[in-house]
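Here the structure comes first, spelled out in structure tokens, and everything after it is commentary.
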Amino acid sequence: MDPTPPAAASETGPPLASLSGVSHRYGDVLALDRLDLEVRKGEVLAVLGPNGAGKTTAVSLLLGTLTLQSGAARVFGSVPDAAEVRRRRGAMLQVSGVPETLTVAEHLALFRAYYAAPLPTARLLEMAGLQELRDRRFGKLSGGQKQRVMFALALAGDPELVFLDEPTAGLDLDGRRRLWDEIRGIKAAGRTAVLTTHYLEEADALADRIVVIHRGRLIAAGSPEEIKSRTAGRVVRCVTSIGLETVRAFPETASAETRGQHFEIVTGAPEALLRRMFQLDSGLSDLTVVGVGLEEAFLALTGDGADPEGGA
């Protein structure tokens with residue numbers, strides 16, 4: 001990114017982008033239900049939600065790729081699909097549609113030509129770790145390599161606002177860490193990023209603020225620590241013969257899932273929960289009690305054990 005001085009996310013100024021009272025339907029399915037969402041200047045905002053929560057619909061409306069049905073959508077004070085908005089924002093989407101016959105360098109040259117002051121090709125190649133792949137055709141790249149190309153294309157115009165949809169999907173650990181550093185660099189350059197991801201540790205590591213959408217509504221918003229604090233409790237991990245549905249029905253249980261042979265139970269009353277469980281299963285074993293992480297908070301907030309990956 002360019003050497004613009006870092007800027008703190010603004011909590012008092014007008015939002016960089018927003019949805020206000022937005023509802024959206026696909027036939028009989030209500031994807032968004034009077035949703036209010038703000039993107040603040042200088043922040044990394046993570047948008048989380050289970051399958052079908054409305055994340056993709058919300059981002060598509062902010063990008064102007066979906067027709068607004070009700071409510072208001074604004075980006076840089078204009079409608080999302082305005083030409084001046086498109087020049088100032090970038091997007092990395094899961095559906096690319098880019099020609100497979102062009103090389104990496106040719107794709108970068110093409111995208112850079114759309115902007116008045118694009119980032120240098122060498123910088124884009126460096127940011128995405130593509131230096132050794134610049135002359136390879138897009139169709140010959142692996143899935144992870146294509147992800148890195150899409151990341152570079154999203155940043156080609158040095159955007160003030162960039163939307164990153166599952167940016168590290170398909171990447172190995174080194175590739176993920178490289179992109180994490182570059183996403184942090186976006187913020188350090190005073191830019192703004194909107195991140196959708198099913199890697200909750202990614203949201204925890206990168207986001208200044210997280211919004212959780214469930215059934216088309218915003219149900220939680222705040223810093224990762226604030227989101228985790230919404231679930232006042234602990235995580236009980238153990239091996240037990242008690243059935244999962246029985247554990248979920250306990251009054252002390254906020255949410256319960258299985259991880260292999262272990263149960264992971266979010267509870268605000270671990271002592272009472274364990275007394276109840278030991279009464280039913282004296283052979284309960286491999287017990288640990290730890291603090292709530294973002295994944296447990298997410299599951300407790302959404303209430304249905306849904307994975308945050310994908311969905312409308």
Side-chain angles (χ1 to χ4, degrees), residues 29-33 35 46-58 166 168-169 176 195-207 209-312:
V29 177
L30 181 61
L32 296 179
D33 185 7
L35 179 71
V47 181
L48 305 181
N51 286 335
K55 305 184 304 296
T56 301
T57 300
E166 305 288 353
T168 63
R176 288 180 65 197
L195 170 72
T196 59
T197 178
H198 70 273
Y199 297 123
L200 294 180
E201 74 275 16
E202 186 165 273
D204 203 358
L206 296 176
R209 198 163 56 92
I210 291 172
V211 296
V212 181
I213 299 175
H214 188 42
R215 296 174 182 167
R217 294 185 174 183
L218 191 149
I219 62 169
S223 69
E225 290 304 318
E226 288 170 337
I227 295 295
K228 286 182 277 191
S229 72
R230 290 281 299 270
T231 306
R234 311 286 282 176
V235 180
V236 173
R237 292 190 176 97
C238 63
V239 176
T240 178
S241 61
I242 304 172
L244 179 62
E245 293 307 316
T246 300
V247 173
R248 284 176 171 168
F250 292 158
E252 300 87 0
T253 300
S255 68
E257 299 299 319
T258 55
R259 295 286 189 274
Q261 64 178 342
H262 286 79
F263 279 29
E264 294 190 355
I265 309 159
V266 177
T267 176
E271 296 86 356
L273 173 73
L274 287 170
R275 283 196 297 269
R276 188 185 301 274
M277 294 184 71
F278 275 116
Q279 288 175 354
L280 297 176
D281 179 14
S282 60
L284 185 148
S285 63
D286 203 8
L287 172 65
T288 59
V289 181
V290 298
V292 171
L294 185 58
E295 180 173 0
E296 291 82 17
F298 174 88
L299 293 173
L301 284 167
T302 55
D304 58 5
D307 192 295
E309 182 178 1

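A salt bridge is absent between E252 and R275: the closest approach of a Lys/Arg side-chain nitrogen to an acidic carboxylate oxygen does not fall below 4.0 angstrom. One finds a salt bridge joining E257 and R248 here, because a Lys/Arg side-chain nitrogen approaches an Asp/Glu carboxylate oxygen to under 4.0 Å. Remark: D204 engages K228 in a salt bridge, criterion side-chain N to carboxylate O under 4.0 Å.
Side-chain contact between T267 and V235: absent, with no pair of heavy atoms (C-beta onward) separated by less than 4.5 Å. Contact of the R215 side chain with the D33 side chain is not registered, since no non-hydrogen atoms from C-beta on lie closer than 4.5 Å. Contact of the T253 side chain with the V266 side chain is not registered, since no non-hydrogen atoms from C-beta on lie closer than 4.5 Å.
Listed here is the closest heavy atom pair of G49 and K55: O-NZ, 3.0 Å. Minimum interatomic distance between L35 and R217 (heavy atoms only, all atoms of both residues): CD1-C, 4.0 Å. Shortest non-hydrogen contact noted between I213 and P50 is O-CD, 3.4 Å. Listed here is the closest heavy atom pair of L273 and F250: CD1-CD1, 3.6 Å. Shown here for L200 and L294, the closest heavy-atom pair between the two residues is O-CD2, 3.3 Å.
A donor-acceptor distance shorter than 3.5 angstrom exists from the side chain of H214 to the backbone of T302, with no hydrogens or angles considered.
For the atom pair CD (E264) and SG (C238), the distance works out to 9.5 Å, reported to the nearest 0.5 Å. Once rounded to the nearest 0.5 Å, the distance linking CZ of R209 with CD1 of I227 reads 9.5 Å.
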Check the pair V290, R234 against side-chain contact (heavy atoms from CB on, under 4.5 Å), reporting the backbone distance first and the verdict last.
CA-CA 6 Å; V290 298; R234 311 286 282 176; 5.5 Å; no
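One side chain, T197 or E202, offers a donor N or O that lies under 3.5 Å from an acceptor on the other.
Note that R176 lies in the cation-pi zone of Y199, set by a 6.0 Å cut-off to the ring centre and a 45° limit from the axis.
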